[in-house]
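Written below as structure tokens is the structure these notes are about.
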Amino acid sequence: MAPDPVNGPPRAGTVALVGRPNAGKSTLLNRLVGERVAAVSDKPQTTRNRIVGILSEPRGQMVLYDTPGMHKGKHRLDRRMVETAIDALGAADVVVLVVDVTAPFGGGDQHLLDLLARVETPRLAVLNKVDLVKKPALLPLIARYAATGIFAEIVPLSALDGDVVDVLARLLWARLPEGPPLYDPELLTLHPERFLAAERIREKLLHHIRDELPFVTAVLVDSWEEDPARDLVRILVTILVERESQRAIVIGQAGGLIKAISTEAREDLEEMLGKQVFLRANVRCEPRWRESRGILDRLEREALAADPRPLPSGSPAARGEA
């Protein structure tokens, strides 16, 4: 086991969280950072971009990447999501495979192991959601991942209740390189407020919809107007769907569902921003938006606007080591 660096020189580096959809990567990132940075939902493919969370403390700075779940997709959006996750493997100092222990091992899991076998940076396996299974059921899974020989540590934990997450954090700190912070220690993330707001709204949307709708919705921020005199921000967003029937579902009978989503999102955003929020949400049918380069490029630009660099300066690739 690697030593605990709490009394050593400060460390700074990047950690990529990768895994199948709905493995709990976003919940784990939020738990490690100690703040709600990534949107969380019980729907697969909630994360569509590389979400950055920053943990700064006396030991140094840990920059965490929450990545989209690895899956086979038939749309341009799906392919971009998978590319984002694969890119993170080469952009991090440490890679953490997050596994949902309640899901059966399948071809997608083996594909991830094959990818990780080619990664030269330290790799850890996190067996998540152990609170949902009996301990004897974990033993074969631990043995399966240990037998690969590619993981420095295998950590069973529950990201939801925080069980053993402190142990994982210590193991991660010990494997980060020594050095100064990569970013301002006051930052919790690199994403602009507009993107974080869109993610909070989409989180509420996902909570209320089911079946195929989570996969065909997106949130675009059309306008963001600050009113300092009234300590108010006015936000206009568009919720995209692909068919008129889906639009009708999101709006709901007599507009009831979109009103409930907007109310919950507004209350959430007021807590996040610390000011009054006026939120207006329109629902628009945009056939095949998941194949639209223009829409996908816009979503990516809004997510990365706060950090135009392709890689943090301290990552292995940026140092010429990958």
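Sequence positions, counted from 1, serve as the residue numbers for this chain. Basis for what follows: all heavy atoms, side chains included, without hydrogens, waters or symmetry-related copies.
The cationic atom of Arg144 (NZ for Lys, CZ for Arg) lies less than 6.0 Å from the six-membered ring centre of Phe105 and within 45° of the ring axis.
Checked by atom type, the side-chain pair Trp224/Glu226 shows a donor-acceptor distance below 3.5 Å. For the residue pair Thr14/Asp93, the side-chain donor-acceptor check at 3.5 Å is satisfied. Side-chain contact annotation: His207 with Glu264, donor-acceptor N/O pair under 3.5 Å absent. Of the N and O atoms on the side chains of Asp161 and Ser158, at least one donor lies less than 3.5 Å from an acceptor on the other residue.
No side-chain donor-acceptor contact under 3.5 Å links Arg247 to the backbone of Arg243. The backbone N or O of Ala159 lies less than 3.5 Å from a partner atom in the side chain of Arg31, making a donor-acceptor pair. Side chain of Ser262 to main chain of Lys259: no donor-acceptor pair is present (N/O by atom type, distance under 3.5 Å, no hydrogens or angles). In terms of modelled atom types and a separation under 3.5 Å, the side chain of Gln61 and the main chain of Leu182 share a donor-acceptor contact. Remark: side-chain polar atoms of Arg11 are not paired, donor with acceptor, to backbone N or O of Pro177 under 3.5 angstrom. For the pair Arg123 (side chain) and Ile150 (backbone), a donor-acceptor distance under 3.5 Å is present. The backbone N or O of Thr27 lies less than 3.5 Å from no partner atom in the side chain of Asn30, so there is not a single donor-acceptor pair. At distances below 3.5 Å, at least one donor-acceptor pair connects side-chain atoms of Arg194 with backbone N or O atoms of Val221.
For the side chain to side chain contact (heavy atoms under 4.5 Å, CB included) test with Asn128, the passing option among Leu157, Thr102, Val155 is Leu157; the others fail.
Cluster membership check: Leu28 shares its hydrophobic cluster with Val167, using side-chain heavy-atom separations under 4.5 Å among Ile, Leu, Val, Met, Phe, Trp and Tyr. Following chains of ILVMFWY side-chain contacts shorter than 4.5 Å, one cannot reach Leu160 starting from Val164, and the two form parts of different hydrophobic clusters. Hydrophobic clustering (side-chain heavy atoms under 4.5 Å, transitive across Ile, Leu, Val, Met, Phe, Trp, Tyr) groups Val37 together with Leu273. Transitive grouping of hydrophobic side chains (ILVMFWY, heavy atoms separated by less than 4.5 Å) brings Leu138 and Tyr145 into a common cluster. In terms of hydrophobic clustering, with Ile, Leu, Val, Met, Phe, Trp and Tyr side chains grouped at heavy-atom distances under 4.5 Å, Leu236 and Leu220 are assigned to different clusters.
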Check against side chain to side chain contact (heavy atoms under 4.5 Å, CB included), Val237 and Leu279: CA-CA 8 Å; Val237 304; Leu279 174 64; 4.2 Å; yes
Step-by-step side chain to side chain donor-acceptor pair (under 3.5 Å) determination, Thr238 to Asp222: CA-CA 7 Å; Thr238 294; Asp222 297 316; 2.4 Å; yes
Worked verdict on His191 versus Ile51 for side chain to side chain contact (heavy atoms under 4.5 Å, CB included): CA-CA 8 Å; His191 304 288; Ile51 306 299; 4.0 Å; yes
Leu269/Ile201 under side chain to side chain contact (heavy atoms under 4.5 Å, CB included): CA gap, chis, key distance, verdict: CA-CA 8 Å; Leu269 293 176; Ile201 296 166; 4.2 Å; yes
Verdict with supporting geometry, Leu240 and Ile295, side chain to side chain contact (heavy atoms under 4.5 Å, CB included): CA-CA 10 Å; Leu240 297 180; Ile295 291 175; 3.9 Å; yes
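Within a 6.0 Å sphere centred on CZ of Arg280, other residues, nucleotides and ligands contribute 12 heavy atoms or fewer. Residue Glu271 qualifies as open at atom CD: its count of foreign heavy atoms under 6.0 Å is 12 or below. Counting non-hydrogen atoms of neighbouring residues, nucleotides and ligands closer than 6.0 angstrom, the CD atom of Glu57 exceeds 12 such neighbours.
Leu17 is listed as a side-chain neighbour of Leu29, based on a closest heavy-atom distance under 4.5 Å. The closest side-chain heavy-atom distance from Leu64 to Val96 is not below 4.5 Å. Counting heavy atoms from C-beta on, the side chains of Arg301 and Leu299 never come closer than 4.5 Å. Put simply, the side chain of Phe278 does not reach to within 4.5 Å of the side chain of Arg266, judged on heavy atoms. By the 4.5 Å heavy-atom criterion applied to side chains, Leu97 and Leu124 are not counted as neighbours. No side-chain heavy atom of Val233 sits less than 4.5 Å from a side-chain heavy atom of Glu225. Residues Phe151 and Leu113 have side chains in contact (heavy-atom distance under 4.5 Å, counting atoms from C-beta outward). Counting heavy atoms from C-beta outward, Val18 and Tyr65 have side chains that stay 4.5 Å or more apart.
Heavy-atom minimum distance, Val52 versus Val63: CG1-CG1, 3.6 Å. Pairing each heavy atom of Arg59 with each of Arg170, the nearest pair is NH1-CA, 4.1 Å. Lys25 approaches Thr67 most closely through the heavy-atom pair CE-O, 3.0 Å. Of all the heavy atoms in Ala12 and Pro180, the pair that sits closest is CB-O, 3.0 Å. In terms of heavy-atom proximity, Asp231 sits nearest to Lys275 at O-CB, 3.3 Å. Shown here for Ala169 and Met62, the closest heavy-atom pair between the two residues is O-CE, 4.1 Å.
With respect to Arg20 and Asp109, a salt bridge is recorded, a charged nitrogen being found less than 4.0 Å from a carboxylate O. Salt bridge present: Asp100 and Lys129 bring a charged side-chain N and a carboxylate O closer than 4.0 Å. Classification of Glu199 and Arg202 as a salt-bridged pair holds, one side-chain N sitting under 4.0 Å from a carboxylate O. Using a cutoff of 4.0 Å between basic side-chain nitrogens and carboxylate oxygens, Glu242 and Arg288 are not scored as salt-bridged. Note on Glu153 versus Arg175: salt bridge recorded, some NZ/NE/NH1/NH2 to OD/OE distance being below 4.0 Å.
Ile258 CD1 to Lys204 NZ: the interatomic distance, rounded to the nearest 0.5 Å, is 13.5 Å. Summarising the geometry, atom CG belonging to Leu205 is positioned 4.0 Å from atom CD1 belonging to Ile209; distances are rounded to the nearest 0.5 Å. Note: Leu171 CG to Leu176 CG = 11.0 Å, rounded to the nearest 0.5 Å. Here the straight-line distance linking atom CD of Glu203 with atom CG of Leu196 works out to 11.5 Å at 0.5 Å rounding. Atom OG of Ser292 and atom CG of Asp297 lie 8.0 Å apart (nearest 0.5 Å). Interatomic distance, Leu188 CG to Leu55 CG, rounded to the nearest 0.5 Å: 9.0 Å.
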